[in-house]
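Below is one structure; the comments refer to it alone.
Fair warning: this is a prediction, and the values are worked out from it, not measured in the lab.
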Amino acid sequence: MTSPHRSMFGPAFTFLGVPAVELRELRNGIADVVILGAPFDAGTSHRPGARFGPNAIRGADCAPWDGVRPHLALRVDPLTDLRVVDGGDIEMPPGDTSESMNRLREAVTSVLSADAIPVVLGGDHTISLGTMRALAAHRRPERTALVHFDAHADTDDTQFGLREAHGTQMRRLVEEATVHGADLIQIGLRGYWPAPPALAWMAANGLRSYEMSEIGARGLPAVLTETMAAATAYASAVYLSIDIDVADPAAAPGTGTPEPGGFTSRELLDSVRALAQQLPLAGIEIVEVSPPYDHAETTAYLANRVILEALSGIAWRRRQLSTGDAWPPERPLLDDRPGRNP
């Protein structure tokens, strides 16, 4: 795995220095996790720049690039306990949404065919069309749940007259039966969108959406517990889609459609880690990091750590399933008692 990393924008380097791999070289047993860059932002409705997100996320780190990242609370190291490689950026022609999504779908299918977990660095949220179509086709007839962290529901019928964009992709996925409505759980919605017709469509199709007001009133642990139950009620695997604008703009200013009143960085990291520990994740994506609007790489650092938390949760879960190891001891989700919270 010495092939050069490919980058559409900027210098070529890998996620935290993990080995590079060409997708055509992937075979079963080579990797547990494959990082892919999806530098596409033609579906953006407000501030562009997410095409520069993949490399910003890859390089946002303050520790030496020494191939280790031991997780303090979980006592795992996602970069050594898992075989993580970087397949580089997918070439996604700006302005051609259909071709870009087809290329992304093919790349994700290559990763899945090698029995590895795809971790896709966006790009705007349109990329869910490529990632989820690949995952659903690969896993049929088994159902795949989609847990969607976002300030926005992304369920409009059209956006500027377009049916495929970063505000319509969740609706397309349900309409085409890539995802069943009952398997789509949304967390963190707030603000002044979507309009009543989209909300009515969501209710009619059985989507479960947790608005920030409900999370504040009921508490995040209760919401995560219900999310886990809903995600595994009918589906045998889960795809985790994280729009960085689910975080408050104070924690993630570098994004295309910021909406005040979101998660703290701690709440987002804790949530992702908890879900990765408890759910059978088949893939992960993080989207809408727009470096031109970032300050001191704040958003890129958070996105980088979201991926590390997810990988740490996957490593912890695999150890639990293979050995029954009970360390760290199980505690309630996001426990507020003093001490480390696994």
Criterion side chain to side chain contact (heavy atoms under 4.5 Å, CB included) on V85 and D32, from CA distance to verdict: CA-CA 8 Å; V85 300; D32 298 311; over 6 Å; no
Using the rule given for side chain to side chain contact (heavy atoms under 4.5 Å, CB included), can you reason through I185 versus L207, listing the C-alpha separation, both sets of side-chain angles and the distance that settles it, and then say yes or no? CA-CA 6 Å; I185 305 102; L207 279 66; over 6 Å; no
Under the side chain to side chain contact (heavy atoms under 4.5 Å, CB included) criterion, do F149 and L240 qualify, and how do the steps go? CA-CA 8 Å; F149 284 85; L240 194 57; 3.8 Å; yes
Start with the C-alpha gap between T298 and D294, add the side-chain angles, then the distance that decides, and say whether side chain to side chain contact (heavy atoms under 4.5 Å, CB included) holds. CA-CA 6 Å; T298 303; D294 211 358; 4.0 Å; yes
Are R58 and D86 close enough, and set up right, to give a salt bridge (Lys or Arg N to Asp or Glu O under 4.0 Å), and what steps lead you there? CA-CA 10 Å; R58 285 182 172 105; D86 194 324; 2.8 Å; yes
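Looking at V84 and P78, their side chains never come closer than 4.5 Å, going by heavy atoms from C-beta outward. Taking the side chain as every heavy atom from C-beta outward, L26 and V34 approach each other to under 4.5 Å. For the pair L173/L184, no side-chain contact is recorded, criterion being any heavy-atom separation below 4.5 Å from C-beta on. Residues V18 and V33 form no side-chain contact, since every pair of their non-hydrogen atoms from C-beta on lies 4.5 Å or further apart. Residues R305 and D61 meet the side-chain proximity criterion, which asks for heavy atoms closer than 4.5 Å. In this structure the side chain of R133 reaches within 4.5 angstrom of the side chain of L129, judged on heavy atoms. Taking 4.5 Å as the limit, every side-chain heavy atom of R69 sits out of range of all side-chain heavy atoms of S312. Contact of the L121 side chain with the L36 side chain is not registered, since no non-hydrogen atoms from C-beta on lie closer than 4.5 Å.
Taking CE from M228 and CD from Q277, the interatomic distance works out to 8.0 Å, rounded to the nearest 0.5 Å. Rounded to the nearest 0.5 angstrom, S128 OG and M170 CE are separated by 4.0 Å. With rounding to the nearest 0.5 angstrom, the CD1 atom of I284 is 5.5 Å from the CG atom of L281. We find the CD1-OG distance between I286 and S241 to be 9.5 Å, quoted to the nearest 0.5 Å. Atom OG of residue S265 and atom OH of residue Y301 lie 14.0 Å apart, to the nearest 0.5 angstrom. Atoms CD and CD1, on E285 and I307 in that order, are 9.5 Å from each other to the nearest 0.5 Å.
Closest non-hydrogen pair, P280 versus S236, comes out as CG-O, 3.6 Å. The two atoms that bring R273 and H71 nearest to each other are CD-NE2, 3.8 Å, heavy atoms only. Residues T178 and R140 approach most closely at CA-NH2, 4.0 Å, considering heavy atoms. Across all their heavy atoms, L112 and P118 have their closest contact at CD2-CD, 3.7 Å. When all heavy atoms are compared, the tightest approach of A38 to P54 is N-CG, 3.9 Å. Summarising the geometry of A235 relative to A231, their closest heavy-atom pair is CB-O, 3.6 Å, with the distance given to 0.1 Å.
A salt bridge does not link D89 to R51: none of the charged nitrogens lies less than 4.0 Å from a carboxylate oxygen.
Other residues, nucleotides and ligands place more than 12 heavy atoms under 6.0 Å from the CD atom of E176.
Side-chain contact, R139 with T144: a donor N or O sits under 3.5 Å from an acceptor N or O. Looking only at atom types and distance, the side chain of Q169 has no donor-acceptor partner in the side chain of T126 under 3.5 Å away. Looking at T255 and E288, their side chains never bring a donor and an acceptor atom within 3.5 Å of each other.
Screening I127, I244, V120 against V287 for a side-chain contact (heavy atoms from CB on, under 4.5 Å) leaves a single residue, I127. Exactly one of T257, T44, D154 qualifies for a side-chain contact (heavy atoms from CB on, under 4.5 Å) with H125. That residue is D154.
In this structure, the side chain of D243 does not engage the main chain of D150 through any donor-acceptor pair within 3.5 Å. Within the 3.5 Å criterion, the main-chain N or O of A251 finds no donor-acceptor partner in the side chain of D248. Looking only at distances, no side-chain donor or acceptor of R83 sits under 3.5 Å from a matching main-chain atom of T80. Q278 places no side-chain N or O within 3.5 Å of a backbone atom of L275 that could act as its donor or acceptor partner. Using a distance-only test at 3.5 Å, with no hydrogens or angles considered, no donor-acceptor pair links the side chain of D77 to the main chain of V68. In terms of modelled atom types and a separation under 3.5 Å, the side chain of S110 and the main chain of E106 share a donor-acceptor contact. No donor-acceptor distance shorter than 3.5 angstrom exists from the side chain of T155 to the backbone of R171, with no hydrogens or angles considered. When atom types are taken as modelled, the side chain of D115 and the backbone of N28 share no donor-acceptor pair closer than 3.5 angstrom. Checking side-chain atoms of H180 against main-chain N and O of D183 turns up no donor-acceptor pair under 3.5 Å. A side-chain donor-acceptor contact under 3.5 Å links R172 to the backbone of D157.
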Kindly list each side-chain donor-acceptor pair under 3.5 angstrom involving residues 210-217, sequence neighbours excluded, with atom names and distances?
| residue | atom | partner | partner atom | Å |
| --- | --- | --- | --- | --- |
| Y210 | OH | E226 | OE1 | 2.7 |
| E214 | OE2 | R208 | NH2 | 3.0 |
| E214 | OE2 | R218 | NH1 | 2.9 |

Quiz: residues 186-202 side-chain donor-acceptor pairs under 3.5 angstrom, not counting sequence neighbours:
| residue | atom | partner | partner atom | Å |
| --- | --- | --- | --- | --- |
| Q186 | OE1 | S209 | OG | 2.7 |
| Q186 | NE2 | H148 | ND1 | 3.0 |
| Q186 | NE2 | A153 | O | 2.8 |
| R190 | NE | E259 | O | 3.0 |
| R190 | NE | P260 | O | 3.2 |
| R190 | NH1 | G188 | O | 3.1 |
| R190 | NH1 | V246 | O | 3.2 |
| R190 | NH2 | D245 | O | 2.7 |
| R190 | NH2 | A247 | O | 3.4 |
| R190 | NH2 | E259 | O | 2.7 |
| W193 | NE1 | D156 | OD2 | 3.0 |

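Remark: R47 qualifies as a cation-pi partner of Y293 under the 6.0 Å distance and 45° angle criteria applied to the six-membered ring.
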